[in-house]
Every structure is written in structure tokens, then in C-alpha cells.
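Note that this is a predicted model, so its numbers are computed, not measured.
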Amino acid sequence: MINLISAKVLMFMAVFAIWERSNLILDITIAYSIVGFLTITLLSKYIMTGGREK
Amino acid sequence: MTPIIIFLLVMSWIFIAFGMVAVFKLKNLYTRILSAATIDTVGSLTILIALMLVNITDYNYVIRFILLIGFLLITNPISAHVNIRSAYLTGVEIRRIKHKGVLEREAREKGELYG
């Protein structure tokens, strides 16, 4: 679900960057995609190591 | 160029709509993650390619969109795999889909189906 949300937000940010004709927003979009990927990877690792049940 | 951009945008909307329907309709966690990740990747890529074609003459936009597309192509399958792997290793059941005849026989044996 986080993957879905981050993909939709990424698409929205890219469209907004073209709408505003701004390169800065595209840079932020790239950074957001990296953060989203890291979030999913680390969250999955946390769940695999037991999560809150430890 | 504009008809191509419009076509790509409409295709991405169709993909995203199918992905949303799949998330609600599919009953198994694994099929949901797989379909959502695949369809989101394709939908994102078509939107990004369409947006890149809007400003194809400005190399600042083109470089950034190429970076974004390359990053998405590499990381979306990886994140889907990590998700499904963590679900499997923590014990989420793969639901077995039984044949209709087997379901009817089991219901008749329990007395829930008459005839």
C-alpha cells in the first residue's frame, strides 16, 4: 500500500512539475522516489525481523 | 506529438484504473501486491514518458525524466519482491483455490448442500 501511495504521489509531483515549468520540483520528485523505495525496503526488513512482536 | 502525448496519458489512466480495481477485487495478498506493483510501474512509466515528450526540446527536463524512469524501472520490481518476500517469510498464507466440484462435495458431506 505504501508503494501504491508513493507511486501515485510521484506521478502527481511529475505532472505538477511540468504544470509549473520547474526543474526544482522534478529534483524533489527524484528524491521522493528514492525515499519511498528506502521506506519500503526498510519497513519490509523490520517486519521480517519480527516487527513489534520482539 | 500532441496525439501521442494524449494517447500515452489516456493509456496510463486506464492502467491505473485497472490497478485500483485489482487492489479491491483480488482476494489474495500476493496477487494484490503483484498486480498493483506491475500496473503502477507501467502507469508511472507511461505518464513520465508522456511528460518527457511535452518538453522534449529542453534537455534539463529530458535528463531528469530519464533518470526518474530508469530509477523506477529498477526499484519498483525490487520493492515488490521485498514486500512479497517479507509477507511469505512472516507466514501469510497462500490461499488455496479449490475446484468447484470439490467445494460442492465438501458442502454435501457437511450437510450444507442438498440435492
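B:Asn76 CG to A:Ser33 OG: the interatomic distance, rounded to the nearest 0.5 Å, is 9.0 Å. Atom CG of A:Leu26 and atom CE of B:Met52 lie 12.0 Å apart (nearest 0.5 Å). Residue A:Thr41 holds its OG1 atom at 8.0 Å from CD1 of B:Ile78, rounded to the nearest 0.5 Å. The structure places CE of A:Met11 at 3.5 Å from OG of B:Ser44, a figure rounded to the nearest 0.5 Å.
Neither the backbone nor the side chain of A:Leu43 comes within less than 4.5 Å of any heavy atom in chain B. Residue B:Ile39 does not touch chain A at all, counting heavy-atom pairs closer than 4.5 Å. Residue contact with chain A, scored on non-hydrogen atoms closer than 4.5 Å, is absent for B:Ile33. For a residue to count as touching a neighbouring chain, one of its non-hydrogen atoms must lie under 4.5 Å from one of that chain's; by this rule B:Val54 touches chain A with the side chain only. Using a 4.5 Å cut-off between heavy atoms, A:Thr39 makes no contact with chain B at all.
For residues 32-47 of chain A, there are no salt bridge (charged side-chain N to carboxylate O under 4.0 Å, His left out) pairs, not counting sequence neighbours.
Hydrophobic clustering (ILVMFWY, side-chain heavy atoms < 4.5 Å, transitive): B:Leu72 and A:Phe16 are in distinct clusters. With hydrophobic clusters built from ILVMFWY side chains whose heavy atoms lie under 4.5 angstrom apart, B:Phe18 shares a cluster with B:Trp13. Under a hydrophobic clustering in which Ile, Leu, Val, Met, Phe, Trp and Tyr are joined whenever their side-chain heavy atoms come within less than 4.5 Å, directly or via other members, A:Met13 and A:Leu24 fall into the same cluster. Under the 4.5 Å side-chain heavy-atom criterion for grouping Ile, Leu, Val, Met, Phe, Trp and Tyr, A:Ile34 is connected to B:Leu45 within one hydrophobic cluster. A continuous path of Ile, Leu, Val, Met, Phe, Trp and Tyr side chains, each step under 4.5 Å between heavy atoms, connects B:Leu48 with B:Ile4, placing both in one hydrophobic cluster.
Counting heavy-atom neighbours within 6.0 Å of A:Tyr32 OH, excluding the residue itself, gives a total above 12.
Residue A:Ser22 comes nearest to B:Tyr61 through the heavy atom pair N-OH, 3.2 Å, listed as atom of the first residue, atom of the second, then distance.
Of the listed residues B:Leu51, B:Leu89, B:Ile47, B:Thr90, the one with more heavy-atom pairs under 4.5 angstrom with chain A than any other is B:Leu51. Taking A:Val15, A:Leu10, A:Asn23, A:Ile40 one by one and counting their heavy-atom pairs under 4.5 Å with chain B, the maximum is reached by A:Asn23.
For A:Asp27, the salt bridge (Lys or Arg N to Asp or Glu O under 4.0 Å) partners two or more places apart in sequence, or in a different chain, are B:Arg64.
Put simply, the side chain of A:Lys8 reaches to within 4.5 Å of the side chain of B:Asp40, judged on heavy atoms. A heavy-atom distance below 4.5 Å is found between the side chains of B:Phe65 and A:Ile18.
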(request) Given side chain to side chain contact (heavy atoms under 4.5 Å, CB included), test B:Phe71 with A:Ile30 step by step and report yes or no. (result) CA-CA 8 Å; B:Phe71 185 77; A:Ile30 294 171; over 6 Å; no

